[in-house]
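Everything quoted here is computed from the prediction, not taken from an experiment.
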Amino acid sequence: MEYSFTEVYVEPCAGADLSAMVREMCALSKKIELPVITKFNGHEITVTPDTDVSSAINAYFLAKSKKRRKKRK
């Protein structure tokens with residue numbers, strides 16, 4: 001039986017460091033040549049082999065700040 005995967009989901013450990021986790025996800029994505037997806041504090045982060053770590057972290061904080069602004073209204 002042959003299996004085909006299109007993406008991989010990972011679950012971070014409690015207290016995981018965001019930047020270290022994204023770097024590890026990028027390394028895994030490059031190795032397996034598939035997108036790696038996780039949920040971190042309620043926000044989904046998707047990393048592909050060509051994702052820039054800084055851009056992924058900035059996108060996470062941007063999404064988090066937008067969610068906070070919506071709650072205030």
Quick one: ring-ring contact (aromatic ring centres under 6.0 Å, His included) partners of Phe40, sequence neighbours excluded?
Tyr60
Can you find a pair of side-chain heavy atoms, one from Tyr3 and one from Met1, that are under 4.5 Å apart?
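Yes, close enough: below the 4.5 Å cut-off.
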Using side-chain hydrogen bond (donor to acceptor under 3.5 Å, both in side chains) as the criterion, list what pairs up with Thr38, not counting sequence neighbours.
none
Does Ser55 have any side-chain hydrogen bond (donor to acceptor under 3.5 Å, both in side chains) partners at least two apart in sequence or in another chain, and if so, which?
Asp52
Within this structure, what is the OG1-CD distance for the pair Thr46 and Glu7, rounded to the nearest 0.5 Å?
7.5 Å
Can you sort out the partners of [X] under side chain to side chain contact (heavy atoms under 4.5 Å, CB included), two or more places apart, ordered by chain and number?
| X | result |
| --- | --- |
| Ala59 | none |
| Ile32 | Val8, Leu28, Leu34, Val36 |
| Asn58 | none |

Side-chain heavy atoms nearer than 4.5 Å, only ILVMFWY residues, links allowed to pass through others: does that put Met25 and Phe61 together?
yes
When clusters are formed by joining ILVMFWY residues with side-chain heavy atoms under 4.5 Å apart, either directly or through shared neighbours, do Val10 and Ile57 land in the same one?
yes
Using a 4.5 Å cut-off between side-chain heavy atoms of Ile, Leu, Val, Met, Phe, Trp and Tyr, which other residues end up in the same hydrophobic cluster as Ile37?
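Other cluster members: Tyr9.
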Sequence neighbours excluded, every pair satisfying side-chain hydrogen bond (donor to acceptor under 3.5 Å, both in side chains) that has a member inside residues 17-37
Asp17-Ser19
Heavy-atom nearest pair, Cys26 first then Thr51, reads SG-O, 3.8 Å
Closest contact, heavy atoms only, Ala63 versus His43
O-CE1, 3.8 Å
